[in-house]
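Here's the structure, in structure tokens; my notes come after.
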Amino acid sequence: MVPDTVVPFVPPTQFSPRVFSGVQPTGNLHIGNYLGAIKRFVPLQDSFECIYCVVDLHAITVWQNPNELKHNIHEVTAAYLASGIDPKRSIVFNQSQVSAHAELAWIFNCVARLGWLNRMTQFKEKAGKTQENASVGLYAYPALMAADILAYRATHVPVGEDQKQHLELARDIAQKFNTDFADRIAELDLGDSFFPLPDPLIQGPAPRVMSLRDGSKKMSKSDISDYSRVNLTDDADTIATKIRKAKTDPDNLPSEAAGLNGRLEALNLVTLFAALEETNIDAVLSTFGGGTFSVFKAALVDVAVAKLAPIGTEMNRLMAAPDYIQDVLRDGSMRARVIADETLNHVKDILGFVRG
Ligand code: AQP
């Protein structure tokens with residue numbers, strides 16, 4: 001029997017298109033987070049119902065300074081808003097204010113298999129050689145990510161390429177849940193399957209921006225070298241210095257894309273230019289091919305400053321008004337809770353939990 005309190009349910013065969021994505025408030029928000037994720041969140045608002053989360057529960061999978069965490073949560077929120085996410089049209093909130101994420105994550109810990117998590121390359125990269133000392137949360141991170149997405153029964157998830165494997169795991173969890181409880185889902189009249197299999201949206205010219213110091217490493221907030229990344233709040237001088245110091249090789253730029261094979265740093269800088277200018281690698285090389293890096297880097301500085309400075313300025317303005325940011329997060333959390341709690345209540349009924 002479905003409890004009386006259950007609200008009318010959208011048949012699962014007709015999952016309405018919904019986008020969910022998140023960014024961790026781990027400080028040093030960079031141009032990779034922007035080009036690979038946040039920038040691409042914005043146009044999706046025109047065709048989808050969008051939910052954008054500041055995933056603070058994910059952030060604490062590695063130790064965070066409590067005195068900095070609130071600032072970092074505000075920083076990601078400010079980056080969303082400054083980039084063009086409209087908190088009236090989309091839901092913008094921080095994860096820890098909606099307890100359904102943590103509850104559903106536990107349930108998914110019991111659905112996901114150890115073997116699946118053992119294959120996650122990001123855990124291996126982040127835990128490094130000291131896996132025994134990594135938190136259990138870091139290991140279980142992908143189950144929480146699946147909960148984030150599936151609490152809203154989101155159908156599309158815009159992320160950078162590094163998150164592809166986690167998205168596949170979220171699909172596996174959704175599929176296993178649907179299969180394990182198929183009879184119960186049918187008995188409760190919840191359709192053929194309860195969760196959608198969310199599709200990753202990994203697109204654009206820069207799904208994986210690399211470190212400015214090492215073209216084989218992903219640009220990352222947690223890289224100890226600040227020169228490895230361009231931060232969204234860097235001023236024009238800092239952007240110029242970082243790009244001028246970016247690692248390159250002794251040759252001039254090639255005239256064709258094939259000439260970038262094996263030249264990881266050159267490829268990264270050309271890709272960055274193309275992504276910022278919203279063009280492609282061939283077009284960049286048709287202008288700069290055959291020329292020196294110093295000429296190209298000067299042009300890249302101009303483009304980067306032109307695109308990032310307005311965002312950084314707006315982020316700083318918003319962060320100077322923390323009450324507004326708090327209001328956005330409070331309002332977003334209330335709206336998110338309505339959706340996530342409804343999903344969680346159905347999941348509890350499917351599992352056979354008793355709820356009063
Ligand atoms: N280098 C990157 N290029 C393109 N996209 C990227 N993303 C991250 N790094 C790059 C995308 O940004 C979104 C938010 O990422 P996250 O905060 O969830 O953390 P992450 O993927 O672990 O990114 P970082 O910057 O490396 O953070 P730390 O160092 O804290 O782990 C995601 O969509 C991600 O794909």
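Just the heavy atoms: all of them, side chains too, but no hydrogens, waters or symmetry mates, feed the values below. Just follow the structure's listing: the first ligand is 1, and inside any ligand the first atom is 1.
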Counting only heavy atoms closer than 4.0 Å, does ligand 1 sit against the backbone of [X], its side chain, both, or neither?
X: A37; value: side chain
X: V23; value: both
X: P207; value: backbone
X: H30; value: side chain

Return a yes/no value for [X]: is any of its N or O atoms, backbone included, closer than 3.5 angstrom to an N or O of ligand 1?
X: M219; value: yes
X: S21; value: no
X: D162; value: yes
X: G22; value: no

Please identify which atoms of ligand 1 are closer than 4.0 Å to at least one heavy atom of [X].
X: G160; value: 5 (N), 33 (O), 34 (C), 35 (O)
X: S222; value: 28 (P), 29 (O)
X: G36; value: 4 (C), 5 (N)
X: K126; value: 22 (O), 28 (P), 31 (O)

What's the shortest distance from [atom] to any protein heavy atom, and which residue and atom give it?
atom: atom 24 (P) of ligand 1; answer: K218 NZ, 3.6 Å
atom: atom 5 (N) of ligand 1; answer: G32 O, 3.2 Å
atom: atom 30 (O) of ligand 1; answer: T26 OG1, 3.0 Å
atom: atom 17 (O) of ligand 1; answer: K221 NZ, 2.5 Å

Worksheet item: Which pairs count as side chain to side chain donor-acceptor pair (under 3.5 Å) when at least one residue sits in residues 29-48, sequence neighbours excluded?
Response: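 Pairs touching residues 29-48 that pass the test: H30-N33, K39-E278, Q45-S90, D46-R89.
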
Any carboxylate oxygen within less than 4.0 angstrom of a Lys/Arg side-chain nitrogen, looking at [X] and [Y]?
X: R335; Y: D331; result: yes
X: R355; Y: D349; result: yes
X: E161; Y: K164; result: no

Check the side chains of [Y] and [X] for a donor-acceptor pair under 3.5 angstrom, ignoring hydrogens and angles.
X: E68; Y: H71; value: no
X: Y152; Y: H101; value: yes
X: Q97; Y: N94; value: yes
X: D223; Y: S225; value: no

Item to complete: Taking the six-membered ring of F353 (Phe, Tyr or Trp), confirm whether the NZ or CZ of K348 is under 6.0 Å from its centre and within 45° of its axis.
Response: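 So K348 doesn't make the cation-pi contact.
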
Worksheet item: Do R153 and F194 meet the cation-pi criteria used here (NZ or CZ under 6.0 Å from the six-membered ring centre, within 45° of the axis)?
Response: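 The answer is yes; both the distance and angle limits are met.
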
Worksheet item: Tell me, which pairs form a salt bridge (Lys or Arg N to Asp or Glu O under 4.0 Å) where one or both residues lie in residues 16-35, sequence neighbours left out?
Response: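 Of all non-adjacent pairs touching residues 16-35, those that pass salt bridge (Lys or Arg N to Asp or Glu O under 4.0 Å) are R18-E49.
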
Worksheet item: atom 1 (N) of ligand 1: which of N33, T271, L167, V209 has the nearest heavy atom?
Response: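 Among N33, T271, L167, V209, the closest heavy atom to atom 1 (N) of ligand 1 comes from V209.
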
Fill in: Option nearest atom 18 (O) of ligand 1 (shortest heavy-atom distance, choices Q122, R208, Q24, M210)
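Comparing heavy atoms across Q122, R208, Q24, M210, the nearest one to atom 18 (O) of ligand 1 lies in Q24.
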
